[in-house]
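Working notes, structure below.
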4 protein chains.
Amino acid sequence: MSGVSTAADRAAERAEQRRADIVHAAFKVFTQRGYHATGIADIAGELGIGHGTFYRYFENKRDILVHVLADAAQRLLSVIDFDEPGDTDSLAEYRAQTERICHRLFTLFAESPELVRLLFVEGLAADPELTELTLGTHRAIAEGTALYLRNGVHKGFLPADLDVEVTAHALVGVIISCGLSLLTAADPVAERDRWIRAGTRVMFDGIAH
Amino acid sequence: MSGVSTAADRAAERAEQRRADIVHAAFKVFTQRGYHATGIADIAGELGIGHGTFYRYFENKRDILVHVLADAAQRLLSVIDFDEPGDTDSLAEYRAQTERICHRLFTLFAESPELVRLLFVEGLAADPELTELTLGTHRAIAEGTALYLRNGVHKGFLPADLDVEVTAHALVGVIISCGLSLLTAADPVAERDRWIRAGTRVMFDGIAH
Amino acid sequence: MSGVSTAADRAAERAEQRRADIVHAAFKVFTQRGYHATGIADIAGELGIGHGTFYRYFENKRDILVHVLADAAQRLLSVIDFDEPGDTDSLAEYRAQTERICHRLFTLFAESPELVRLLFVEGLAADPELTELTLGTHRAIAEGTALYLRNGVHKGFLPADLDVEVTAHALVGVIISCGLSLLTAADPVAERDRWIRAGTRVMFDGIAH
Amino acid sequence: MSGVSTAADRAAERAEQRRADIVHAAFKVFTQRGYHATGIADIAGELGIGHGTFYRYFENKRDILVHVLADAAQRLLSVIDFDEPGDTDSLAEYRAQTERICHRLFTLFAESPELVRLLFVEGLAADPELTELTLGTHRAIAEGTALYLRNGVHKGFLPADLDVEVTAHALVGVIISCGLSLLTAADPVAERDRWIRAGTRVMFDGIAH
DNA sequence: AATGAATGAGCCTTCATTCAT
DNA sequence: AATGAATGAAGGCTCATTCAT
């Protein structure tokens, strides 16, 4: 029983590995040349496999982009979700938590601008349908952010009349802008720190304080 | 004096009109189908002209996109530049001014989501070079925003240690997010008003107040 | 009577001049860029006239080439026909005449390689039909050459069993080769003189003497 | 040893065969319709293959012409190079050799006028660069011819002051003219024999003897 | 399972020609 | 008579996708 199933398992495992490899290669070339300028042959070439093989693992060019985007979104969301919304009970705690999250997030941006390029640039315009999907990812980030805000409102350290949804979306806008800025920054790490500071400040204090 | 020059003038005028028509038609189809899915034939078809005619007015497909983007950027910037940074002398005045600007800007977003789609979606990913150009437009908006902030710092109603550049960029992020949100909003006008309120609030007071 | 007809005459004259101008301009650009790479706009541009005007004087692109070729052939033939076949009565006289003709012909080649390019290069391959027309020109040159040979046979200073037609054609081959050689010659004049000497020699003496 | 390599070998062999087929088909349609009037679709259609397949084997339209020309030049040169310049030690032997060469060459012309059309017509005028390449082929034939002449000069049965280079080129002119003549000859074989006789005669004896 | 040869839809672009002014 | 704006046929070329091996 184990013999046969192991063989099948190993096959499935290898297939899964290959899928991951292809997603990884596609991520690389998509962010380098852009989705439209990339050919299936480029992805296959990156891995040194025949481009017919690609079609054994993915439906078509669009399919791989969807998977690459999902993978990238997953990576980004995991960085945010690392903290628990419910963990904070005061404004000070939340602010510290936010700084931690921003630090992780903006570090990710500084270290892999490709991820930024993919989620905030390529994914947005590949085709109308994918625009929706990518906006969905933005919305998911906003949802995640909203959880934190709602926790604050619930616990009373944020104003009860805060427009949680729109504010969360606005904060996502700040995140996007940070990502795009780091894309062309001469010194991404220094820029990252400015964004953590200035971003947190405007978020908590507004520009007036 | 009028005889000869009028004929040439009329021709030049008609040519200019044609160029504008083509930019307009391209704007429409680009935002509907996306840049890559759009053919020159689609643009020409939209106007009911032969597609050879297109090439009398624009170098190639990329050329028209550049013009469409420039036109859109111009329209957006003119909405912001309507107010003068130096006009305000107190926080209250600046806040009122910001609300006016946001109103005009978000109204533009609500009324022509195509413009949003173009500047924040299509333009970003058409090709690597155009990504830079579009990010340049974002930067231009940030520059414009920075002028207002600097006025406040200068006049003393904004903190001297405000990181004007990054903060301006962050506010552009809010603008972008607003635009993208209105893109899929069920009731764009209502949504717009929420964004004006929530956006101004977070900008001036932060989430904590 | 003279008043009206003079006006009409002048018009006809001007039209004729313009036709000649166009032929001249076309000759220039055809030999520079080649027939296929040349557009009607190039011809018109060379003259500074609108390209619609071109079609008032020539049917189409092919038509102008035919005229350019005819003009060139005319120029070439006139150089040969300058001498009279019947003028010579001895081999020595004919040889001297041949040297004169070759001198004029090869000087023409050295001075206007464009003519060579047109008659022996462009004209040959513009299209299958024009190949025939150009080969007809070659045949006309051969006819002209044959007249001289026949004069010699008739007068008895050339062998009676000379295959006049084929020999004349072979001599045209020498002329063509000379033209093509001068096309890429570093020093066309020096090369021309070598061709006059070597050409006349092989023609009259063969390589053996 | 045979197993794996045979599969790859067969693939390479088939690819080579395909290339040859395409060259052959292109040769055919180029000579029929002319280079410029021929589309890639015509070449592919001739073989019953998709026109995308063409581009797996050749870079572009110009590339195939270069290969077709090279192939044709090779065929022509091989007919000449069949004899060895050094084989002859007397004028009589050289004349006999020349007659053999002319026989083979002109027979080739009579049998495949397409080859003539390609090397002396199409190849000349496809584009300026190819004109040079084709003139290079003519030069190569002249070089080959010059070897024979030099042998004669060296062995003393040809005059020491023979202008070998120009004379060789002149003889190539005769060859070209023969080719072009056979192109439109009613009875190519009969015409061929006239050219062998008259050509050899003028070459060795000149017209005077 | 892997490959890559074959395919053809599709698109950008050019340019000869027409015709209203 | 002169012009040049408009046109669309035509063609080169790419590349996602299929399928026989």
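Chain identifiers are assigned alphabetically (A, B, ...) following the order of the sequence lines, protein sequences preceding nucleic acid strands; residue numbering begins at 1 within each chain.
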Can you see if the side chain of B:R10 gets near the phosphate of E:dT21 - specifically, an N or O under 4.0 Å from OP1 or OP2? no
Ignoring hydrogens and angles, state whether a donor on the side chain of C:D71 or C:H67 is under 3.5 Å from an acceptor on the partner side chain. no
Charged N to carboxylate O under 4.0 angstrom, D:E132 versus C:R117? yes
Between the OH atom in B:Y57 and the CG atom in B:D21, the distance rounded to the nearest 0.5 Å is 9.5 Å
How close do C:L118 and C:A72 get, counting heavy atoms only, and between which atoms? CD2-CB, 3.8 Å
Between B:T137 and B:A73, which heavy-atom pair has the shortest distance, and what is it? CG2-CB, 3.6 Å
Hey, could you give me each pair passing ring-ring contact (aromatic ring centres under 6.0 Å, His included) that has a residue in residues 8-31 of chain D? Not counting sequence neighbours. D:F30-D:Y35
Check each residue of residues 32-60 of chain A for a non-hydrogen atom within less than 4.0 Å of any atom in DNA chain E, then write out the ones that pass by number, or none. A:I49, A:G50, A:H51, A:G52, A:T53, A:R56, A:Y57
Kindly determine whether C:F58 and C:V66 satisfy side chain to side chain contact (heavy atoms under 4.5 Å, CB included), including the steps that lead there. CA-CA 10 Å; C:F58 295 93; C:V66 170; over 6 Å; no
Distance in angstrom units between B:K61 NZ and E:dG10 P, rounded: 14 Å
How close or far is atom P of F:dA16 from atom CD1 of A:I64, stated in whole angstroms? 13 Å
Looking only at side-chain atoms of A:R14, point me to the closest of F:dA16, E:dA16, E:dA2. E:dA2
Counting a pair only when it is Watson-Crick or G-U and both distances are under 3.5 Å, which runs of at least 3 such pairs involve DNA chain F? E:2-21 with F:2-21
Between atom CD in C:E13 and atom P in F:dA1, what is the gap in whole Å? 16 Å
What are the two closest heavy atoms between A:A126 and A:H36, and how far apart are they? O-CE1, 3.0 Å
Over all strands shown, is A:R62 touching base, sugar-phosphate only, or nothing at heavy-atom distances under 4.0 angstrom? nothing
What is the distance, to the nearest angstrom, from the CG atom on A:D63 to the C1' atom on F:dA16? 13 Å
Sidechain N-carboxylate O distance under 4.0 Å for B:K28, B:E46: yes
Distance below 4.0 Å between A:R18 side-chain N/O and E:dA2 OP1 or OP2: yes
Rounded to whole angstrom units, what separation is found between the CG atom of A:D21 and the P atom of E:dA2? 11 Å
